[in-house]
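Note on naming: letters A, B, ... go to the chains in the order of the sequence lines (proteins, then strands), and numbering restarts at 1 for each one.
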Number of protein chains: 2
Amino acid sequence: MKYDHDDIIEKATTLFWQRGFHAAGMRDIQQALDMRPGSIYARFQSKEGLFKLVVEHYAQNSAERLKQVAEAASPLDALYRFFETALTGPDEQRYMRQCLLVKSIAELELIGDIARKAVIESMQTLKAGFKDIIEACIEKGELPEHTPTKLAAEWLQNQFVGLRAFALMQDENTATIQMIDKVILDLKGQWPQKTH
Amino acid sequence: MKYDHDDIIEKATTLFWQRGFHAAGMRDIQQALDMRPGSIYARFQSKEGLFKLVVEHYAQNSAERLKQVAEAASPLDALYRFFETALTGPDEQRYMRQCLLVKSIAELELIGDIARKAVIESMQTLKAGFKDIIEACIEKGELPEHTPTKLAAEWLQNQFVGLRAFALMQDENTATIQMIDKVILDLKGQWPQKTH
DNA sequence: TTATCACTTGAACGATCGTTCAAGTAAACC
DNA sequence: GGTTTACTTGAACGATCGTTCAAGTGATAA
């Protein structure tokens with residue numbers, strides 16, 4: 001094995017994150033990984049197979065970070081910092097403001113079945129991560145007892161998705177920070193009744 | 001002029017809305033419009049030129065609908081119904097739940113300069129539409145006087161963007177409806193201080 | 001020593017991409 | 001009637017796409 005596996009996946013992650021699945025051509029991939037097509041196909045079967053590994057690697061990483069938030073002394077503070085870090089990175093890492101998974105969802109129909117399944121499953125993994133954070137906040141008394149955890153988790157993930165798209169278009173961070181503040185306020189705020 | 005211009009644009013809108021800019025190939029377009037490549041290029045210069053017109057047509061339509069919301073007797077109620085209509089359409093029109101502009105933003109880097117400019121300008125037009133709605137709500141006493149209109153407009157648009165992505169993945173509408181309820185609650189809720 | 005295995009190379013393949021162009025058509029203007 | 005204008009056709013172009021494959025390489029097992 002000439003090339004290190006983790007190193008390959010990370011380089012591929014950067015490329016797919018920047019360009020998306022479709023726009024990252026095999027020749028881009030060959031260049032980014034410094035590998036010839038035969039090697040890539042022998043290892044990963046196809047472009048889609050490589051992408052699937054990238055998605056899984058990314059989701060695993062993200063889930064780990066969400067877990068750290070849930071386990072923090074103050075999960076609510078940690079959540080704030082998590083949002084801040086993810087959404088206001090330096091300009092040369094602007095592409096990282098967009099979630100790789102969200103970006104993939106936008107082109108879900110162009111992706112094959114295998115990778116599509118990996119994307120959707122990863123989104124559900126992260127939703128579970130957000131739910132753990134909500135529950136940790138309640139346990140630590142940072143959110144009211146009656147907060148509907150399932151709904152709040154879906155809402156929180158959705159806010160994160162929306163904010164990543166928002167942050168991507170912002171030139172400066174002040175507006176993004178205000179949006180994060182609003183998220184924290186609304187998290188503590190009212191929730192709709194289940195019966196409609 | 002053999003083919004009706006508006007009819008062409010609407011057919012093209014449907015295709016781009018369903019498939020996105022990149023995935024909608026020229027041969028798909030030729031089939032959808034029942035036109036040969038030469039005709040299309042003589043009229044619209046390029047695929048991008050056609051897409052630009054589609055985006056502008058779509059934005060104009062959307063802005064008109066936002067204007068109707070702002071001019072309603074109860075803008076807040078009209079806003080609720082606007083969200084509901086946009087996000088819970090029938091399954092065969094599921095693609096319409098995603099905003100064409102948001103979908104385009106996801107592939108902004110793959111689109112040429114001309115169409116990209118049209119997309120970004122359209123987003124700003126719609127932001128102005130959301131601001132008008134906020135101001136109408138305040139004027140009618142449906143939102144507190146001290147609501148920060150610029151921030152609230154950005155926030156509302158962002159909620160809309162996020163919810164469209166959310167609704168796209170939902171199998172049933174109950175979760176989406178709850179999210180809309182939450183948006184209305186948060187709109188009436190607290191806002192972060194400008195100084196940070 | 002030989003066989004097997006997991007990779008590696010780089011030329012080449014067929015398919016599809018957006019686009020061009022010579023040629024035709026029908027209405028409008030001089 | 002002739003010219004111009006605004007389309008229209010459909011074959012064909014070069015570029016790029018993801019992928020394949022015959023031929024190597026070097027480590028491991030028998």
Practice problem: For A/L50 and D/dG18, give me the distance from atom CG to atom P, rounded to whole Å. | Solution: 12 Å
Practice problem: Answer yes when B/K127 and B/E154 have at least one side-chain N-carboxylate O distance shorter than 4.0 Å, and no when they do not. | Solution: yes
Quiz item: Between B/F44 and B/F51, does the ring centroid distance fall short of 6.0 Å?
Solution: no
Quiz prompt | Protein-nucleotide distance (B/I29, atom CD1; C/dG18, atom P), rounded to Å | solution = 7 Å
Quiz item: Is there a side-chain polar atom (N or O) of A/Y41 under 4.0 Å from OP1 or OP2 of D/dT19?
Solution: yes
Exercise. Would you mind reading off the distance between A/M35 atom CE and C/dT9 atom P, rounded to a whole angstrom?
Key: 7 Å
Quiz item: Under 6.0 Å from the six-membered ring centre of A/W191 and within 45° of its axis: does the NZ or CZ of B/K182 meet both?
Solution: yes
Quiz item: Just how far, in rounded Å, is C1' of D/dT20 from CD of A/Q30?
Solution: 13 Å
Quiz item: With respect to the phosphate group of D/dA11, does any side-chain polar atom (N or O) of B/R36 fall under 4.0 Å of OP1 or OP2?
Solution: no
Self-check item: Rounded distance in Å - CZ (A/F21) to C1' (D/dC17)
Solution: 12 Å
Quiz item: For A/R27 and A/A42, take the nucleotide of DNA chain C holding the closest heavy atom to each; which residue's nucleotide lies nearer the 5' end?
Solution: A/A42
Quiz item: 5'-most contact on DNA chain D: A/P37 or A/A23, nearest heavy atom basis?
Solution: A/A23
Exercise. Provide, to the nearest angstrom, the distance between the CD1 atom belonging to B/I40 and the P atom belonging to C/dG18.
Key: 11 Å
Exercise. Calculate the interatomic distance between B/R19 atom CZ and C/dT16 atom C1'; express it in whole Å.
Key: 13 Å
Practice problem: Please work out if A/G38 contacts a base, only the sugar-phosphate, or nothing of the nucleic acid, heavy-atom cut-off 4.0 Å. | Solution: base
Practice problem: Answer yes or no: is there a donor N or O on one side and an acceptor on the other, between the side chain of A/Q159 and the main chain of B/G162, under 3.5 Å? | Solution: no
Quiz item: Does OP1 or OP2 of D/dC7 have a side-chain N or O of B/S39 closer than 4.0 Å?
Solution: no
Quiz item: Quick one: are the ring centres of B/W155 and B/F130 less than 6.0 Å apart?
Solution: no
Quiz item: Atom CG of A/D28 and atom C1' of D/dC17: how far apart are they, to the nearest Å?
Solution: 11 Å
